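Just so we're clear, the structure is a prediction, and the values are computed from it rather than from any experiment.
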Amino acid sequence: MRVIIVGGNAGGASAAARLRRLDEKAEIVVYEMGAYISFANCGLPYHIGNVISDRTQLLVQTPASMKERFNIDFLTGSEVTSIDRQAHTVIVKDLATGTETTDRYDRLVLSPGGSPLRPPIPGIDSEGIYSLWTIPDMDRIIEAVHAGARKAVVVGGGFIGVEVAENLREQKVDVALVEMLPQVLAFLDPDIAAYAHQELQTHGVDLRLGDGVKSFAKNVDGTLTVTLTSGARLAADMVILAIGVRPNTRIADHAGLAIGPTYGIVVDEHLRTSDPDIYAIGDVIEVEHFVTKSMALIPLAGPANRQARIAANNIVGHEDVYGGTQGTSIVKVFDLAAGATGASSALLTKLAIPFRSVTIHPGSHAGYYPGSTPVHIKLLYSPEGKLLGAQAAGYDGVDKRIDVLATAMRLGATVDDLTDLELAYAPPYGSAKDPVNMLGFVAQNDLEGLTPAVTPDHLSEELANGAVLLDVRQPEETDCGIIPGALTIPLPQLRDRMGELPAGKKVILIYCKVGLRGYVAQRILAQNGFQVANLTGGYASWEASVTHGIEEQPTHPEREADDQQTCTSGPCATKAELPAPRASASTKTVEIDACGLQCPGPSRRSTSP
C-alpha cells in the first residue's frame, strides 16, 4: 500500500509515524511546502521572547531523523497542487525549481493545515507587517526586534496575539494590542477574560478593545502608522497580524471533495472525506463540537494529533472513530493562566441551548499554606445538570481544574458527579474540598432550589422585576466599592437586623465578595421566610462583568507587575495611584502572614510613617 500525506507538521507527521508503527511494509511519502517538518509551532512566540533560547529545540523532527527512524520520505519545499481522484494521483511542484511530477497513491491523507488571514486592509502589504505561523515568520520578527524595533502593534487578541504581545514585552518592546471584539480570548466568557485584560494591562500592554484596523501606512522614516476604525492612530516600528486562520482547502475543493458550511473539509467519524480513499485531519477539517453537536473549525494541536492516529488506524484496517472536539485549551498570559473546555455562554446562546452557570473564586490550594491564590472558575451546565462547559483563570491550579473538568465532561459527567470526585489533596496542592467539588456543590444547590443563583449578566433584569439587593460584606469592603442601590448589612449582624429588609414577595438578592458569605446569608434568610437568591461569584464577578477588567487610567510599561488592590478613602485604587510614603531616617521591615487572605478583602495600608 502506498500512502501519500500532504503536510508534514503536527497532523501529517503524527499520521506518518503511526502508519509506520502499524505497517512496516507500507510506502509512505510526506510532501511539505515549507522548509521544516514537525516543528513546535506553539513554541514560536516563546523563542521571540527568549524563553526558549535554543532555536533548535523547536525542531522536533527533521526529514533525516524521520527517514532514519521510520523509513518515511519527507520531501520539503514540495507543494501538492492538484489531485486526480480517478487516477489516484497527485501533481507535486518542486518550489525551488518549478518542476512538476506525478505521484500515485492508494490512500491519501490531507493535512495541509491553515493559513493566517490577511484581510484587504489598505497598506497591509507594507514592509514591517508580519504574521507568525512558521519558523521563517518567527525569524523575521526576531530580526526586526534585534534591528531596533521598540514599538509594536499586535492585531488580534486570540492565542497567538496574546502570546506575541507577552513575548514582545519580554523583549522590552512597547505593545498595543488591537482587538475588534470587546474582549481578548474569545473562547472565554467576558467575565473570565476580564482577568486576562487585567494581567495584560498590568504588564504594560496598551489594550484597544472593540476597535479594528482601518488602514496601515508606511512613513518616510520607515515607521508605520496604524489607523483604527475609531480614528485613533498608533505609531509602530512593526505590526504583527494575528487575526485568525483559514483552512487550506484549495486542492480539496478543486478535486470535488465536500466542503462544509464552516469552509472546512467534510469528514465522517472515521475521518474519511467524501472520497473513501482520501482522509483529512487537523486544521483543514470541520469537526463536530462534542457538546453542541454543531459543526465547527477548532484548530488545536491536541485534536489534530488524535485525528492523525485515528486516520492511520482506519487506513490499515483497525476501525477507529473520532468522537468530536471539546475545544479544551489553555493560554499563558504573563503570570496568569486562562483555560476552557466545552462550550462558552456565547456559543450556547447562539445555538439556543438552555444552560445555567455558577462562578466561584476559591484558593488554588489550602489557604493556610503559603502561596495560595484565587482561581476564578465558571461552570456551565444544562437544567438537568449535564456539564456543558467550564472556564478558569488564575495564577496556579488552572490547568489541573480544567483537565479534570474536561475529562469529566468527555465521560458524560453531571453536576452531581463533580461532588463525588475524589481528587488528590495535600495543603500545598489543593483543598479537602477541591474547587472542582465546590463547583458541583454550588451548582447542585442551584438546581435543587436550595440556594438559587443569579448571574451578574441577569442582575439588572432581576432588579427591574423588583428584587432587593443586599451586600453582606464588612464596612471596610463596601467602602471600596458597592453595587449601586444595594442595602448593606454585614453578615455577623444579619440575624439581628432582618427587620430592616422588606417583607412580602420581594426577592432578596444577596452578594458578598466571592459568594461564600452570600450563601451563608441566603440560608439564614431562607429559613426565616424570605425569598432569596445568591449572586454567583459575588462582587468579584459583578465587577469583572461590568469593567471587563479594563482600568480607566492609561497603562505604562514601567508599572509594577502586581495587580493587588489596596484602598484609600473612597473608591479602590491601584498601588501605582496611592501616595508614596514619606521618607524617614530609618526603615523597619514588618513581615505579615497573609495566608488565607482571600475573603474578606481588601487590605488597607497606612501612608504615615
Side-chain angles (χ1 to χ4, degrees), residues 33-34 41 44-45 48 112-134 136-145 147-169 173-187 193 196-197 200 205-250 253 262-264 283-284 297 299 331 346 548 550 555:
M33 285 181 58
N41 53 347
L44 300 183
I48 292 173
S115 296
L117 289 173
R118 291 182 73 90
I121 300 172
I124 197 168
D125 294 323
S126 301
E127 183 183 356
I129 299 179
Y130 309 96
S131 295
L132 181 60
W133 198 244
T134 66
D137 291 339
M138 175 193 73
D139 292 338
R140 284 188 284 270
I141 293 171
I142 292 173
E143 183 180 351
V145 173
R150 284 297 170 262
K151 290 185 178 180
V153 172
V154 177
V155 184
F159 291 103
I160 295 175
V162 167
E163 290 168 351
V164 168
E166 172 185 343
N167 283 281
L168 287 175
R169 288 294 299 126
V173 176
D174 291 343
V175 177
L177 192 154
V178 179
E179 169 54 57
M180 189 177 296
L181 296 175
Q183 68 170 81
V184 301
L185 304 175
F187 66 94
H197 297 164
L200 288 162
V205 176
D206 178 10
L207 277 182
R208 302 297 181 110
L209 303 179
D211 210 349
V213 175
K214 182 178 181 181
S215 66
F216 301 100
K218 189 75 171 180
N219 302 317
V220 176
D221 62 358
T223 62
L224 293 155
T225 298
V226 183
T227 302
L228 306 185
T229 53
S230 64
R233 292 160 64 89
L234 304 176
D237 299 316
M238 62 190 301
V239 172
I240 314 296
L241 299 177
I243 300 171
V245 178
R246 67 170 182 271
N248 291 329
T249 58
R250 185 186 61 81
D253 192 17
T262 65
Y263 303 103
D283 297 358
V284 76
L297 293 175
V331 62
H548 301 294
I550 302 298
T555 59

Please round to the nearest 0.5 Å and tell me the distance separating atom [atom1] of [X] and atom [atom2] of [Y].
X    : Y    : atom1 : atom2 : answer
L181 : D211 : CG    : CG    : 12.0 Å
L297 : R246 : CG    : CZ    : 12.5 Å
N167 : M138 : CG    : CE    : 11.5 Å
I48  : I141 : CD1   : CD1   : 4.0 Å
I160 : L241 : CD1   : CG    : 11.0 Å
I121 : S126 : CD1   : OG    : 11.0 Å

[X] side chain near [Y] side chain, heavy-atom distance below 4.5 Å:
X    : Y    : value
D174 : R169 : yes
H548 : L209 : no
L224 : K218 : yes
R208 : D206 : yes
L207 : V184 : yes
V213 : L228 : yes
M180 : I243 : no
F187 : V331 : yes

For this session: Give a yes or no on whether a salt bridge exists between R140 and D137, defined as a side-chain N under 4.0 angstrom from a carboxylate O.
Result: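 Salt bridge: yes.
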Do [X] side-chain atoms and [Y] backbone N/O form a donor-acceptor pair below 3.5 Å?
X    : Y    : result
N219 : D221 : no
D237 : K151 : yes
R118 : I124 : yes
T229 : G212 : yes

Exercise. Does R150 CZ have over 12 foreign heavy atoms under 6.0 Å away?
Worked result: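 Correct, the count exceeds 12.
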Considering non-hydrogen atoms only, spot the tightest contact between [X] and [Y] and give its length.
X    : Y    : answer
L177 : G157 : CD2-CA, 3.9 Å
Y130 : A144 : OH-CB, 3.6 Å
P182 : H197 : O-CE1, 4.0 Å
P122 : K214 : CD-O, 3.5 Å
V284 : G113 : CB-O, 3.9 Å
A236 : V153 : CB-CG2, 3.8 Å

Exercise. Taking atom types as modelled, is there a side-chain donor on D253 or T249 under 3.5 Å from an acceptor on the other?
Worked result: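 Distance-only check fails for D253 and T249.
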